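What you see below is based on every heavy atom in this structure, not just the backbone, and it leaves out hydrogens, waters and symmetry mates. Here is how names work: the chains are called A, B, and so on, in the same order as the sequence lines, proteins then strands, and each is numbered from 1. Given the structure is predicted, the values throughout are model-derived calculations rather than measurements.
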Amino acid sequence: MSKSYNHSYIEEKWTKNWEEHPINVNDGKRPKYYCLDMFPYPSGNGLHVGHWRGYVISDVWSRYKIMNGHYVIHPMGWDAFGLPAENYAIKMGVQPAVSTAENIRNIKKQIKKIAAVYDWDMELNTTDPKFFKWTQWIFEKLFEKGLAYEKEMPINWCPSCKTGLANEEVVDGKCERCGAEVTKKNLKQWMLKITEYADRLLDDLDKLDWPEKVKKMQTEWIGRSFGAEVDFQIDGRDEKITVYTTRPDTLYGATFMVLAPEHELSKSLATGEQAAEVEKYISDAANKSNVDRLQGKEKTGVFTGSYAINPLNGEKIPIWLSDYVLADYGTGAIMCVPAHDDRDFAFAKKFGLKIRQVISKDGKETDDMEEAYTDASGTMINSGEWNGMESAELKVKAPHIVEEKGFGRAKKNFKIRDWVFSRQRYWGEPIPIIHCPKCGEVLVPEDELPLKLPEVDRYEPTGTGESPLAAIDSFVNCKCPKCGSDAKRETNTMPQWAGSSWYFLRYVDVNNDKELVNREKADRFLPVDMYIGGVEHAVLHLLYSRFWTKFLYDLGVIGFDEPFIKLFNQGMITGKNGVKMSKSKGNVVSPDDLVRDYGCDSLRLYELFVGPPELDSEWDERGIDGVYRFLCKAWNMVLENREKQVEPTKELLRLRHQLIHTISTRLEAFSLNTVVSGFMEFNNKFLKLKGGVDRETLETFVILLAPFAPHISEELWQELGHETSVFAEKWPQADTEAMKEDTVEIPVQVNGKIRATIEVAADAEKEAVLIAAKEAVADKLQGSVVKEIYVPGKIVNIVVK
RNA sequence: GCCGGCGUGUCGGAAUGGCAGACGAGACAGACUCAAAAUCUGUUGUCCUUCGCGGGCGUGUGGGUUCAAGUCCCACCGCCGGCACCA
């Protein structure tokens, strides 16, 4: 008897065989199923066991769908632009294109060891001009539709490295590399108007079968609120200050007003004796980094000396400046209702400003409020003609009332900002714009796309904050495509998000050089049915992808406006004590050695067995022994029973259908760790059967195991005498009648404590069960029986007093 | 601060309100072996016990609902993640 199976031989054999005879066929008749992995960034560090997890999950799901009769689109590609590649290339003195290609070769080799059914004919790479031609094309369409524009924006600037920094490179307000204090520098940036799509991005979340957590994160990120803009006349001047408020119902309670220091009127509002102090506050705020500004929870502020008129009651209220008001949200100015807003309350308390309650739970005024009453429920008081109204009702009506009265209008606001789309870097898609002194911003003509990166020796940052491309004259200088005058190319490149915002559309038509994707193919194979990847992309990548998909839908390029119908976020695999795997921590576990020693099938099973797929799990080196032993035992179980000619008894039939039911329902519920334990459990049961296992049950076992451990299953399938692939088999259906047990063990409780166990027929009548139960616990039944509960097939509980 | 998620043996983890600890790891004992590894068998929450059964206690803490709570409700503690002055 063989104690272990030869995984190396089997896995090699079937890898080759599947290459020659693909198991996933598009015969034009099968319904499609698109199962997508978030494509990896081809880092030089290679894959660790954590990367495997998502790929194993998606592959199990893909193989399951294949066995359910689908043609599965299951592609893989490379998100290869970006900072790390550029920095690595600078350090090593090689072209990013060269090192990237090298990394892709290595990672592809590693990924192939997973034995996923990826269709490598669909492979794509965001840095391939054939691909990014269409990334640039999308930008041109956005520009044509007025959704791409230029704007002065502050970027993170390291004065010591003389370079712009990504947010990820700024740690605690300091440059990640040199530790210098990061400052802001204003640079002209390309922006994309994602805000134009904010409503749709929010409303369409309802259509998606996504984790609630991710939907919530996107909802908050978009941050829609309804309220009103209200105009306040400045006392003694012609100008008005407009504020945004979500609580126009509390307008009578507005006792002061606060402007952001950056507000355009801030300086001019300062009167005589306040001028110096105001000036100082404004310049202090400008010098404070964002981090400092957010750290100081204690409110600061300064009175301008000016007053505004509350348009509702004509009251004169003081105007203050404070940095708790954000310049770039709303109008950069707020009306303050300290009685009903926590921040306004704290500010009023600190500076001794008037607090007027306008909403009351019981209709009476509270003496000495200790905290703001922020609920929009209660009765209006101190509010003139609004007195006695319900605040919740008024909150909805008030925007329209101020509109009718002529000093405001209903207004919707968003937290989401437009997308800063340019990077001052070399290794990204060039933005296809030409700056002409006469015509302004002109698009590179479509037939000149792709606009490739120049191949040069130096692509270090320039030191001025500009892109390295700015130093390359042959790239920069060009003629205006419109008027022919000397012009200059845009030298900023696109962010790494660009390619990943639409790559999933391209897989189904990677070689198309006429269009982004053929519409017929798009209609047939898209959208993505299942998208699997880490939760770290909950907001940015998933929001940008949805934005571009909606834009392309509006253009008519595709016929759907949501890219990913279902989303699954797998948890991280960490090292000991939940520490993230990283080279610097020295806790990286490489899958390559494990594949060599235990085989791909064992590693696949252990990736699933390690814990619930949606939660983080710690990698335990020894754990893989367990699944390896299971595979050896399963191998022997099948081979030993193969020749036995066992009759399918009722018990075997029952076990077979219980197995189908267990595996199928757990798989459908994505409870993949318990799928593996389910296989182990049934295998143990089969091994204990004296009479052996019948052929059909063995075959069922192998078919069910196939998506999880494909090589060993395929080999066993062949050993069972089949010439076709196990993946050509249909996923079995459980017969619920055959599953049923004849007798069941029923625990008998007395007052909720188990005192005995009885065995009864599965279809026994309640009365009979209760009689048997009472017999079994007769000695425990002191006192009178108050209640008898029988949950059929589950439990008996007898309550005595 | 707010919003999520989680808290179960030595460890990873199982449990549509119905026998807590499935499955696996580890440990211990035994078989095989000259020996070890591998493999196989058994034991393995905890306490009491007359060691024969049996019984008490046990799912972060305190309360509640229920015939019955790891599971539902309330309050709290701890860890992880997200957002963080959004008017």
Side-chain angles (χ1 to χ4, degrees), chain A residues 1 3-4 211-214 216-217 219-221 223-225 227 243-248 250 254 257-258 260 293-294 296-297 299 322-326 328-337 340-344 346-347 374 413-417 535-536 538-539 571-572 574 576 578 605-606 609-612 614-630 632-633 636 665-666 669 671 673-684 687 745-757 786-800:
Chain A
M1 176 172 109
K3 291 298 176 201
S4 70
E212 283 308 313
K213 178 185 168 158
V214 174
K216 201 153 200 172
M217 279 166 77
T219 303
E220 274 170 28
W221 188 266
R224 182 166 64 191
S225 67
V243 303
Y244 172 70
T245 176
T246 54
R247 297 295 303 276
T250 63
M257 187 168 207
V258 176
R293 211 167 136 168
L294 291 174
K297 282 279 172 191
K299 301 253 180 304
S322 175
D323 62 9
Y324 82 89
V325 176
L326 306 173
D328 55 359
Y329 180 77
T331 62
I334 60 171
M335 68 174 209
C336 295
V337 185
H340 304 287
D341 180 277
D342 290 325
R343 296 149 303 177
D344 298 348
F347 195 82
T374 56
N413 249 326
F414 294 95
K415 283 195 219 174
I416 191 173
R417 300 292 137 77
V535 74
E536 65 272 20
V539 179
M572 233 187 345
T574 68
K576 266 272 149 270
L605 284 190
Y606 187 61
F609 189 58
V610 67
E614 69 280 7
L615 300 181
D616 291 353
S617 297
E618 279 177 34
W619 188 259
D620 178 356
E621 279 293 335
R622 293 167 308 199
I624 194 169
D625 285 320
V627 292
Y628 180 70
R629 282 175 201 149
F630 157 70
C632 293
K633 285 194 261 186
N636 291 329
T665 50
R666 290 179 183 181
S671 179
N673 52 329
T674 62
V675 166
V676 179
S677 66
F679 278 119
M680 292 170 168
E681 225 169 309
F682 277 92
N683 191 51
N684 290 345
L687 285 168
E745 287 212 333
I746 303 280
V748 180
Q749 298 183 326
V750 177
N751 289 345
K753 291 206 186 291
I754 287 155
R755 297 300 178 194
T757 308
V786 183
K787 203 167 183 181
E788 295 168 343
I789 292 131
Y790 173 52
V791 182
K794 291 277 187 200
I795 203 162
V796 170
N797 191 8
I798 297 162
V799 186
V800 294

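An OP1 or OP2 oxygen of B:G24 is reached within less than 4.0 angstrom by a side-chain nitrogen or oxygen of A:Asn684. For the pair A:Arg629 and B:G26, the criterion of a side-chain N or O lying under 4.0 Å from OP1 or OP2 is met. Between A:Asn413 and B:A87 there is no side-chain N or O to OP1 or OP2 distance below 4.0 Å. OP1 or OP2 of B:G13 has not a single side-chain nitrogen or oxygen of A:Ser677 nearer than 4.0 Å. At B:A87, one or more side-chain N or O atoms of A:Tyr329 fall inside 4.0 Å of OP1 or OP2 (strictly under the cut-off). Phosphate proximity of B:G54 to A:Lys753: absent, as no side-chain N or O sits under 4.0 Å from OP1 or OP2.
With a cut-off of 3.5 Å on both pairing distances, the Watson-Crick or G-U wobble partner of B:A31 is B:U39.
In this structure, of B:A25, B:C23, B:G18, it is B:A25 that holds the atom nearest to the side chain of A:Arg622. When distances are taken from the side chain of A:Asp620 to each of B:G18, B:A20, B:A25, the shortest belongs to B:A25. Closest to the side chain of A:Pro747, out of B:G13, B:C23, B:C19, is B:C19. The nucleotide whose nearest atom lies closest to any side-chain atom of A:Thr246 is, among B:A68, B:A87, B:C23, B:A87. Across B:A87, B:A14, B:G5, the shortest atom-to-atom separation from the side chain of A:Thr674 is found for B:A14. With distances taken from any side-chain atom of A:Ile334 to the nucleotides B:A87, B:C67, B:C19, the minimum falls on B:A87. Nearest nucleotide to the A:Lys299 side chain, out of B:C85, B:A14, B:G18: B:C85. Among the nucleotides B:A87, B:C23, B:G4, the one closest to any side-chain atom of A:Lys216 is B:G4. Here B:C67 is the nucleotide among B:G18, B:G81, B:C67 with the atom lying nearest to any side-chain atom of A:Lys787. Nearest to the side-chain atoms of A:Ile754 among the listed nucleotides B:C19, B:A14, B:C83 stands B:C19.
Heavy-atom minimum distance, A:Gly611 versus A:Ser617: CA-OG, 3.7 Å. Residues A:Tyr329 and A:Asn413 share a closest heavy-atom pair of OH-CB, 3.7 Å. Nearest heavy-atom pair across A:Val800 and A:Val786 is C-CG2, 4.1 Å.
Each of A:Arg417 and A:Asn751 was assigned the nucleotide of RNA chain B with the nearest heavy atom; the assignment lying further toward the 5' end belongs to A:Asn751. If A:Arg755 and A:Gly223 are placed on RNA chain B by their nearest nucleotide, the residue sitting closer to the 5' end is A:Arg755.
Across all strands shown, A:Val799 has heavy atoms under 4.0 Å from sugar-phosphate atoms exclusively, and none from any base. No engagement by A:Asp344 is indicated, since no non-hydrogen atom pair under 4.0 Å with the nucleic acid exists. Looking at heavy-atom distances under 4.0 Å, A:Asp341 makes no contact with the nucleic acid at all. At the heavy-atom level, A:Ile789 lies under 4.0 Å from base atoms of the strands shown. The residue A:Glu618 sits apart from the nucleic acid: no heavy atom pair falls under 4.0 Å. Among the protein residues, A:Glu788 comes within range of no part of the nucleic acid, since none of its heavy atoms lies under 4.0 Å from any strand. A:Ser225 comes within 4.0 angstrom of sugar-phosphate atoms only, judged by non-hydrogen atoms across all strands, and of no base.
Taking atom CD1 of residue A:Ile795 and atom P of nucleotide B:C19, one finds them 5 Å apart after rounding to whole Å. When rounded to the nearest whole Å, the span between CG of A:Asn673 and P of B:C11 equals 19 Å. With rounding to whole Å, A:Lys633 atom NZ is found 10 Å from B:C23 atom P. A straight line from CD of A:Glu212 to P of B:G82 spans 19 Å, rounded to a whole angstrom. Rounded to a whole Å, the CG atom of A:Asp323 is 18 Å from the P atom of B:A87.
Distance noted for atom P between B:G21 and B:G9: 14 Å (whole Å). When the P atom is compared between B:A68 and B:C83, the two are found 44 Å apart, to the nearest whole Å. For the C1' atom pair drawn from B:G78 and B:G55, the interatomic distance equals 34 Å after rounding to whole Å. Taking atom C1' in both B:C77 and B:G63, one finds a spacing of 15 Å when rounded to whole Å. When the P atom is compared between B:A36 and B:C28, the two are found 14 Å apart, to the nearest whole Å. For the P atoms, the distance linking B:C73 with B:C3 amounts to 16 Å, nearest Å. When the P atom is used for both B:C47 and B:G82, the distance is 41 Å, rounded to whole Å. Taking the P atoms as reference points, B:G4 lies 25 Å from B:G70, given to the whole Å.
A side-chain donor from one of A:Thr674 and A:Ser671 sits under 3.5 Å from a side-chain acceptor of the other. For the residue pair A:Asp625/A:Tyr606, the side-chain donor-acceptor check at 3.5 Å is not satisfied.
For A:Arg247 and A:Asp341, the salt-bridge test fails: no basic side-chain N is under 4.0 Å from an acidic carboxylate O.
Contact check for A:Tyr324 versus A:Val258: side-chain heavy atoms found under the 4.5 Å cut-off.
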message: One pair to check against ring-ring contact (aromatic ring centres under 6.0 Å, His included): A:Trp221 and A:Phe414. What are the steps and the verdict?
response: CA-CA 9 Å; A:Trp221 188 266; A:Phe414 294 95; over 10 Å; no
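A syn base is found at B:G9: its glycosidic angle is within 90° of 0.
Interface remark: the A:Lys794 side chain does not form any donor-acceptor pair with the B:C19 base, using a distance-only criterion of under 3.5 Å.
A distance of 9.0 Å separates CZ in A:Arg666 from CG in A:Asn673, rounded to the nearest 0.5 Å.
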